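Report on one structure; see the data block that follows.
Labels below follow one simple rule: chain letters A, B, ... track the order of the sequence lines, proteins then strands, and each chain is numbered from 1. Being a predicted model, the structure only gives us computed values, none of them experimental.
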2 protein chains.
Amino acid sequence: MEFDAKTPIYYQIEQYINREIIIGHLRPGAQVPAVRQLAITLTVNVNTIQRALANLIQAGILVPERGKGNFVTTDQKVLGKMKQSMIEGEFKALYDHLAALELSPEEMTAAFAQYVQTQQGGEAHE
Amino acid sequence: MEFDAKTPIYYQIEQYINREIIIGHLRPGAQVPAVRQLAITLTVNVNTIQRALANLIQAGILVPERGKGNFVTTDQKVLGKMKQSMIEGEFKALYDHLAALELSPEEMTAAFAQYVQTQQGGEAHE
DNA sequence: CATAGTGTAATAGATGTATAGTACACTAGT
DNA sequence: ACTAGTGTACTATACATCTATTACACTATG
């Protein structure tokens, strides 16, 4: 997996797992791949996986069962909040930066819509 | 100034100065505040300022004059590219993350437009 | 109870980031 | 010349992040 060199890997893994849950690749109650397996898949050290999982456990998104593994919570309230904060976080980052560039709300939406347009036409997924 | 604890301060300062240039607070040819002054204003160490400026100089956005100070380039081509990549970078980050959440292009633009709406109503600029 | 699969803990070392402090070099004004 | 204002360079220290490695604890299976 590719990581942004400017942000901690453990944090990017947290968000990656959150996305896997939101998409449905990891369903509520499902077992998360073993830490040693994740370490291989994501090409990072087990400790880094562990740190990411510890944060997700702390947040109640994953539930650990000793000797068995880590499982996605079935608490829909927690999952709903997580999804909300994930998406809002993305929007807020863009909004704040565009606001710092003194774009009006109309300009923001128009500019982003135009960008999405360009991505649709020239999809050159490498 | 407030910094995101998850990304290097020097990088956030680079982007801050880029924004100041785009907005027009720093015009082409204008002198950037002295490094020691910036260190006080942004409440960081001089070395951190220095590292950010070094990157901007490397990129041709700032032009150093020994003993005088650092100045914003008057090369419109360089400034244009910088502005373009700044805004595109913001869009790309959001687009990629929303795409990872398997939102369609229409859903993306609609969701962002809706978010901007919510920001307009409840503007509690502190 | 032995074993393989899980998570968990602890240590040591490398690297990146940020701070603190000192020193040097160039420019301009007096 | 002196001085004050610039950038620049270097060392030392502290902390966060990541890796490598080893060890331990719990669960399930045979």
Side-chain angles (χ1 to χ4, degrees), chain A residues 1-18 20-21 25-74, chain B residues 1-18 20-21 25-74:
Chain A
M1 180 168 165
E2 296 212 348
F3 296 103
D4 175 0
K6 295 249 176 33
T7 46
I9 293 175
Y10 71 86
Y11 183 71
Q12 296 180 58
I13 292 175
E14 287 179 46
Q15 302 214 313
Y16 165 74
I17 293 178
N18 280 339
E20 288 292 289
I21 295 173
H25 292 174
L26 288 174
R27 301 191 167 279
Q31 180 172 3
V32 174
V35 292
R36 291 172 180 79
Q37 181 55 50
L38 276 176
I40 295 171
T41 305
L42 303 178
T43 60
V44 285
N45 191 271
V46 180
N47 297 320
T48 306
I49 298 290
Q50 187 58 24
R51 179 162 185 180
L53 296 188
N55 289 344
L56 294 172
I57 290 167
Q58 176 67 28
I61 295 168
L62 296 186
V63 179
E65 295 189 27
R66 292 197 60 115
K68 293 183 178 176
N70 294 298
F71 300 82
V72 178
T73 182
T74 55
Chain B
M1 182 168 164
E2 296 210 348
F3 295 102
D4 176 359
K6 297 247 174 35
T7 46
I9 293 176
Y10 72 86
Y11 183 71
Q12 297 180 57
I13 292 176
E14 286 178 47
Q15 302 213 316
Y16 165 73
I17 293 179
N18 280 340
E20 288 291 289
I21 294 173
H25 292 173
L26 287 174
R27 302 190 166 280
Q31 180 173 3
V32 174
V35 291
R36 290 171 181 81
Q37 180 56 50
L38 276 176
I40 295 172
T41 304
L42 303 179
T43 60
V44 283
N45 191 272
V46 179
N47 296 318
T48 306
I49 298 290
Q50 187 58 25
R51 179 161 184 180
L53 296 188
N55 288 344
L56 294 173
I57 290 167
Q58 177 66 30
I61 295 168
L62 297 186
V63 179
E65 296 190 25
R66 291 197 60 114
K68 292 183 180 178
N70 293 299
F71 299 82
V72 178
T73 183
T74 55

Nearest whole angstrom, please: distance from the [atom2] of [N] to the [atom1] of [X].
X        : N       : atom1 : atom2 : value
Asn55(A) : dT17(D) : CG    : C1'   : 13 Å
Lys6(A)  : dT15(C) : NZ    : C1'   : 16 Å
Ile13(A) : dT19(D) : CD1   : C1'   : 13 Å
Met1(A)  : dC18(D) : CE    : P     : 12 Å
Ile9(B)  : dA20(C) : CD1   : P     : 11 Å
Asn45(A) : dT11(C) : CG    : C1'   : 13 Å
Ile49(A) : dT8(C)  : CD1   : P     : 13 Å
Phe71(B) : dG7(D)  : CZ    : C1'   : 11 Å

*Positive for side chain to side chain contact (heavy atoms under 4.5 Å, CB included) with Ile61(A), one of Leu53(A), Asn70(A), Ile17(A), Leu56(A)*: Leu56(A)

_Thr48(A) side chain near dT17(D) phosphate (N/O to OP1/OP2, under 4.0 Å)_ = no

*asked:* Quick check: on DNA chain C, is the nucleotide nearest Tyr10(B) upstream (toward 5') of the one nearest Asn47(A), or the reverse? Name the residue that is more 5'.
replied: Asn47(A)

*Which atoms form the tightest heavy-atom contact between Thr43(B) and Met1(B), and what is the distance?*
OG1-N, 3.9 Å

*Can you name the nearest heavy-atom pair linking Pro8(B) to Lys6(A), along with the distance?*
CD-O, 3.2 Å

*May I ask you to check whether Gln15(B) and Tyr11(B) show a side-chain donor-acceptor distance below 3.5 Å?*
yes

*Between Tyr11(A) and Val46(A), name the one whose nearest nucleotide on DNA chain D is closer to the 5' end.*
Tyr11(A)

*Backbone N or O of Val35(B) within a donor-acceptor pair of the Gln50(B) side chain at under 3.5 Å?*
no

*Once you round to the nearest 0.5 Å, how far does OG1 of Thr74(A) lie from CZ of Arg27(A)?*
14.5 Å

*Taking atom OG1 of Thr48(B) and atom CG of Leu38(B), what is their separation to the nearest 0.5 Å?*
12.0 Å

Nucleotide N/O of nucleotides 1-7 of chain C paired with protein N/O under 3.5 Å:
| from | atom 1 | to | atom 2 | distance (Å) |
| --- | --- | --- | --- | --- |
| dG5(C) | N2 | Gly67(A) | O | 3.1 |
| dG7(C) | OP1 | Val35(A) | N | 3.3 |
| dG7(C) | OP2 | Val35(A) | N | 3.1 |
| dG7(C) | N7 | Arg36(A) | NH1 | 3.1 |
| dG7(C) | O6 | Arg36(A) | NH2 | 2.9 |

